[in-house]
Amino acid sequence: MEIVVLRLGHRLERDKRVTTHVGLVGRALGARGMLLTSEDKGVERSINRVTKQWGGDFFVQTGVRWSEAIKNWKQEGGKVCHMTMYGENILDVIDEVREEANKKNARIMVVVGAEKVPYEVYEAADWNIAVGNQPHSEIAALALFLDYLQQGKELKTKFEHAELEIVPKRKGKEVKIRE
Ligand code: SAM
């Protein structure tokens, strides 16, 4: 399964930190990359720096037109999950999404917003999914969705080509450094 995050409505400066966290959560929890509708090279650089040190091949693409990205994704057979508090409760749809995601060559796009999300996104999505029907955060919604979808397996992922790797410890800190 390939998972890609589409981050909509990123406002330069104001959303820098949150969007960086959307990318870091996506990377850490099993997504292949993040498409960002703004042209924010600062966010791209921060996430790429983390990937260089901590491994894996997470990509960030900026300046993406969301309507084209969604259209192309669907044309290529991908499915679109839009995270919104107005959607169906995740507990009621996650089995259906997982069944689709476990098919051969499945591709799942996870859309998260910042400010108001255009109505067309609700229409284009295969699922509008609420992580509870209360307003909270795109970072939390993304994290919980990825975890429910992959049933925790993503937490054991080994990241290839890492310069830094943590040796898990009950107490203290140990980091392996590779040249
Ligand atoms: N009123 C906005 C809306 O249209 O959903 C809330 C914006 S919220 C600050 C930013 C993003 O967080 C939303 O676009 C959505 O992706 C995500 N989000 C917030 N609460 C959520 C929830 N309960 N379930 C799923 N996603 C949520």
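As the structure lists them, so they are numbered: ligands from 1, and atoms in each ligand from 1. Keep in mind that this is a model prediction, so the values were computed, not measured.
Contact annotation: Gln134 has at least one heavy atom less than 4.0 Å from an atom of ligand 1. Within the 4.0 Å heavy-atom shell around ligand 1 one finds Tyr86. Ligand 1 is approached by Ile129 to a heavy-atom distance shorter than 4.0 Å.
Of all the heavy atoms of Tyr122, the ones lying under 4.0 Å from any atom of ligand 1 belong exclusively to the side chain. Contacts between His82 and ligand 1, counted as non-hydrogen atom pairs separated by less than 4.0 Å, are absent for every part of the residue.
Residues Ile90 and Val112 are members of one and the same hydrophobic cluster, defined by side-chain heavy-atom contacts under 4.5 angstrom among Ile, Leu, Val, Met, Phe, Trp and Tyr.
Ligand 1 places these atoms under 4.0 Å from at least one heavy atom of Val117: 14 (O). Counting the atoms of ligand 1 from 1 in the order shown, those under 4.0 Å from a heavy atom of Val112 are 16 (O). For ligand 1, the atoms sitting less than 4.0 Å from at least one non-hydrogen atom of Ala141 are 25 (C), 26 (N), 27 (C), numbered in the order shown with element in parentheses. Heavy-atom contacts of Val131 reach the following atoms of ligand 1: 22 (C), 23 (N), 24 (N), 25 (C) (cutoff under 4.0 Å).
Put simply, the side chain of His82 never gets that close to the backbone of Val117: no donor and acceptor are under 3.5 Å apart.
Polar contact with ligand 1: present for Met83 (N/O pair, distance under 3.5 Å). Not one N or O of Lys116 is nearer than 3.5 Å to an N or O of ligand 1, by distance alone. Geometrically, ligand 1 and Glu115 share no nitrogen or oxygen pair separated by less than 3.5 Å.
Atom 20 (N) of ligand 1 has as its closest protein heavy atom His136 N, 3.1 Å. Of the protein's non-hydrogen atoms, the one nearest atom 6 (C) of ligand 1 is Met85 CE, 4.7 Å. Protein heavy atom nearest atom 12 (O) of ligand 1, with residue, atom name and distance: Glu138 N, 3.2 Å.
The environment of CZ in Phe159 is crowded: more than 12 heavy-atom neighbours from other residues, nucleotides or ligands sit within 6.0 Å. For Gln150, the CD atom is densely surrounded, since the number of other residues' heavy atoms within 6.0 Å is greater than 12. By the neighbour-count criterion of 12 heavy atoms within 6.0 Å, atom OH of Tyr122 is densely surrounded, having more than that number from other residues, nucleotides or ligands. At most 12 heavy atoms of other shown residues, nucleotides or ligands fall within 6.0 angstrom of atom NZ in Lys52. Sparse packing is recorded around CD of Gln134, with 12 or fewer heavy atoms of other residues, nucleotides or ligands lying under 6.0 Å away.
Contact annotation: the side chain of Val25 never approaches that of Val5 to less than 4.5 Å [non-hydrogen atoms, C-beta and beyond]. In this structure the side chain of Asp15 never reaches within 4.5 angstrom of the side chain of Glu115, judged on heavy atoms.
A salt bridge is absent between Glu68 and Lys71; no separation between the charged side-chain nitrogens and carboxylate oxygens falls under 4.0 Å. In summary, Lys41 and Glu39 engage in a salt bridge, as defined by a charged side-chain N under 4.0 Å from a carboxylate O.
Distances from atom 15 (C) of ligand 1 to the protein include at least one heavy-atom value under 4.0 Å. Put simply, atom 22 (C) of ligand 1 has protein non-hydrogen atoms near it, under 4.0 Å away.
Closest to atom 7 (C) of ligand 1 by heavy atom, among Ala114, Gly113, Gly87, is Ala114.
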